[in-house]
Amino acid sequence: MRITVGVDGTRYTDDVEPRMLLVHYLRERLGKTGTVVGCDTSNCGACTVHLDGHSVKSCSVLAVQADGSEVTTIEGLARDGRMHPVQQAFRDNHALQCGFCTPGMIMQAIDLLADDPDPDDNAVRHGLEGNLCRCTGYQNIVRAVRDAASKMAPGAGPAAEQVAEPTLDPASRSSDADISAPAPSHTGGGS
Amino acid sequence: MIPARFDYVAPTTVDEAVRALADAGEDGKVIAGGQSLLPVLRMRLAAPTKLVDIGRIPELRAIREDGDAIVIGAMATHYEVQRDPLVREHAALITAATDTVADPQVRHRGTFGGSIAHADPAGDLLAPALAMDAEMVVAGMDGRRTVPAAEYFVDFFTTAMTPAELLVEVRLPKYTGWRAHYEKFNRVAQSWSMVAVAAMVRTDGGTIAEARIGLTNMASVPVRARAVEDALVGQAATAENIKAAAANAANGTSPTSDGNADGEYRSHLARVLTGRALTAAIG
Ligand SMILES: Cc1cc2nc3c(=O)[nH]c(=O)nc-3n(C[C@H](O)[C@H](O)[C@H](O)COP(=O)(O)OP(=O)(O)OC[C@H]3O[C@@H](n4cnc5c(N)ncnc54)[C@H](O)[C@@H]3O)c2cc1C
Ligand code: FES
Ligand code: FES
């Protein structure tokens with residue numbers, strides 16, 4: 001079956017078997033191996049991408065179901081060589097160890113922040129309940145998401161990524177402008 | 001794993017979908033959000049040869065008001081239901097239960113109708129639908145028919161629909177002004193209910209005028225806790241009365257035993273969770 005999908009700002013038209021999962025299409029056809037398969041049972045969230053602006057587990061969507069849609073993967077977040085504020089916050093807060101859960105965590109964190117731009121710890125944990133991490137114990141992930149929230153103005157998130165062209169309006173909110181914002185006072189204490 | 005081969009069609013009207021299902025016969029299967037079906041296909045626990053994707057039928061997505069009822073289209077996602085103001089106002093029990101389903105990613109794809117049609121006894125929307133006396137509108141080659149919730153759920157993963165029928169929408173009578181709570185017990189955040197209680201009460205002054213309670217995973221189908229409902233009606237909404245009524249929650253049920261919990265433990269949970277659900281609902 002022939003499908004046309006926008007992925008990270010580029011349109012692709014391909015013939016796929018109906019049984020091909022979106023995650024396999026992304027990885028094996030488009031070479032977007034940044035999106036990983038953790039569990040293959042719909043539980044771990046490592047394969048999370050945005051489909052028309054909402055997070056989904058790409059191992060639980062058929063490629064044919066994405067026909068006509070826009071997909072954003074972890075590889076579509078950076079702009080002009082600069083990381084998305086959530087990526088930067090994961091780095092700054094040591095929110096990863098092996099890094100396998102990280103692409104999914106970041107994609108889900110962005111979705112969460114689109115719905116709730118200023119979540120408390122509990123809301124972050126709740127918003128990430130579909131993402132499993134076997135390394136960090138989640139503490140620094142929660143910290144990173146709250147750090148990112150403080151650096152991103154309200155309203156940023158999947159909606160802000162819905163662009164047909166890879167170039168964003170420089171004034172728009174998810175552009176790199178926020179990354180250079182002054183360091184926030186860390187909430188939640190610790191070191 | 002990759003599912004076994006299948007043919008795929010994505011009709012844009014209910015009539016086309018029904019025809020495609022009729023053509024496919026026993027080997028056809030509806031795919032809605034795919035959040036229950038795709039895991040099954042990937043594990044090759046099932047291998048239908050034709051999938052009828054109902055995700056491109058606009059009619060099935062709507063949530064609307066129709067006189068005394070709120071009508072939820074089968075393809076409305078959990079995410080859409082959670083945020084719908086009509087559902088929140090007139091069917092608060094559905095909002096409360098949907099909030100507990102799975103995780104955000106699954107709620108973005110999984111649908112209200114898919115959960116009802118899948119009829120997993122641990123599914124969180126069955127007991128609320130039963131407690132509310134929902135009606136399922138089902139389409140087949142001979143037209144549409146309406147099945148009351150009490151007759152719709154037949155057994156584990158089995159409904160009163162034939163494989164050639166499609167669930168179109170669910171009609172919920174309005175329970176405006178009722179207070180509702182869904183109390184769910186599970187082991188990990190995103191998982192299914194071991195037992196859950198869907199409770200809805202209408203109070204008049206300090207008295208319980210009406211109560212409707214549905215139990216999740218206390219049988220192969222959702223069940224009403226009639227003994228609790230009867231014990232509550234006409235009583236003052238006090239902690240002692242709630243506790244006394246909740247003690248009847250497992251009466252007449254025969255919960256299954258599995259790796260998560262045995263039947264006796266499920267009965268205990270039903271009593272405890274009913275007390276909690278009523279306390280939270282009455283507030
Ligand atoms: C990790 C995970 C956790 C979950 N946790 C929970 C939970 O806690 N509580 C809970 O209630 N659910 C849970 N679910 C299931 C989720 O709610 C699904 O959305 C739901 O069970 C099925 O909806 P769907 O739209 O994805 O249906 P699908 O998977 O597409 O279909 C499920 C079945 O229903 C049939 N079907 C679907 N729609 C129709 C229709 N309109 N007419 C006729 N037949 C139809 C299909 O043929 C199939 O047999 C979980 C799922 C996952 C992956
Ligand atoms: S690989 Fe998709 S949820 Fe784990
Ligand atoms: S960092 Fe290893 S799984 Fe999360």
Side-chain angles (χ1 to χ4, degrees), chain A residues 1 3 16-25 28 37 39-69 104-105 107-116 122-132 138 158, chain B residues 1-10 12 29-57 61 75 77-80 82-83 99-111 114 184 186-192:
Chain A
M1 212 187 124
I3 60 169
V16 298
E17 266 194 275
R19 63 174 170 164
M20 178 177 252
L21 301 171
L22 179 58
V23 70
H24 293 141
Y25 176 69
E28 286 157 27
V37 176
C39 66
D40 212 10
T41 58
S42 308
N43 285 289
C44 74
C47 63
T48 300
V49 300
H50 296 167
L51 181 61
D52 291 330
H54 290 300
S55 60
V56 301
K57 295 176 177 176
S58 62
C59 73
S60 306
V61 178
L62 297 170
V64 290
Q65 290 179 297
D67 183 25
S69 295
M105 283 286 179
M107 296 313 288
Q108 183 50 33
I110 293 172
D111 186 275
L112 160 68
L113 293 175
D115 271 347
D116 180 357
N122 209 23
V124 173
R125 287 177 186 278
H126 207 66
L128 297 179
E129 68 187 345
N131 294 73
L132 304 180
Y138 301 99
Chain B
M1 264 172 64
I2 297 169
R5 271 200 186 80
F6 52 77
D7 290 331
Y8 170 89
V9 287
T12 52
K29 196 102 187 118
V30 171
I31 179 164
Q35 300 303 290
S36 291
L37 186 60
L38 285 176
V40 167
L41 297 189
R42 269 188 332 222
M43 288 184 276
R44 304 212 177 187
L45 299 173
T49 53
K50 184 166 192 178
L51 284 198
V52 179
D53 184 350
I54 59 170
R56 297 184 194 269
I57 307 176
R61 273 216 118 83
M75 275 305 297
T77 62
H78 299 310
Y79 178 80
E80 286 159 355
Q82 269 184 300
R83 278 159 185 76
D99 284 344
T100 74
V101 170
D103 54 54
Q105 293 98 313
V106 173
R107 290 194 295 268
H108 284 145
R109 291 293 295 170
T111 65
K184 169 168 172 173
N186 56 3
R187 281 182 312 136
V188 293
Q190 64 178 192
S191 79
W192 299 78

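Numbers restart at 1 for each chain; the letters A, B, ... are given by sequence-line order, proteins then strands. Owing to the predicted nature of the structure, the values given are computational and were not obtained by experimental measurement.
Only the backbone of B/A4 comes within contact range of chain A, with heavy atoms under 4.5 Å apart. Contacts of A/V61 with chain B are made by both backbone and side-chain atoms, with heavy-atom separations under 4.5 Å. For B/L51, the part sitting under 4.5 Å from any heavy atom of chain A is the side chain, from C-beta outward, and nothing else.
Side-chain contact check for A/E17 versus B/I2: every heavy-atom pair is 4.5 Å or farther apart. Taking 4.5 Å as the limit, every side-chain heavy atom of B/L38 sits out of range of all side-chain heavy atoms of A/K57. The shortest side-chain heavy-atom distance between B/H108 and A/L51 does not fall under the 4.5 Å cut-off. B/I31 is listed as a side-chain neighbour of A/L62, based on a closest heavy-atom distance under 4.5 Å.
Separation of atoms CG (B/D103) and NE2 (A/H126) is listed at 10.0 Å; rounding is to 0.5 Å. Atoms OG and CZ, on A/S55 and B/R109 in that order, are 11.5 Å from each other to the nearest 0.5 Å. Between the CG atom of A/D115 and the OH atom of B/Y79 there is a distance of 4.0 Å, given to the nearest 0.5 Å.
Options A/V64, A/N131, A/V37 differ in how many heavy-atom pairs under 4.5 Å they form with chain B, and the most are formed by A/V64. Taking chain B as the reference chain and counting heavy-atom pairs below 4.5 Å, the highest number among A/T41, A/L132, A/N43 is found for A/N43.
Nearest heavy atoms, A/Q108 versus B/P104: NE2-CB, 3.4 Å. Between A/S60 and B/Q35 the shortest heavy-atom distance is O-NE2, 3.1 Å.
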Check the pair A/D111, B/Q105 against side-chain hydrogen bond (donor to acceptor under 3.5 Å, both in side chains), reporting the backbone distance first and the verdict last. CA-CA 9 Å; A/D111 186 275; B/Q105 293 98 313; over 6 Å; no
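Within the 3.5 Å criterion, the main-chain N or O of A/Q65 finds a donor-acceptor partner in the side chain of B/R56. Remark: the backbone N or O of A/L21 is not paired with any side-chain donor or acceptor of B/R42 at under 3.5 angstrom.
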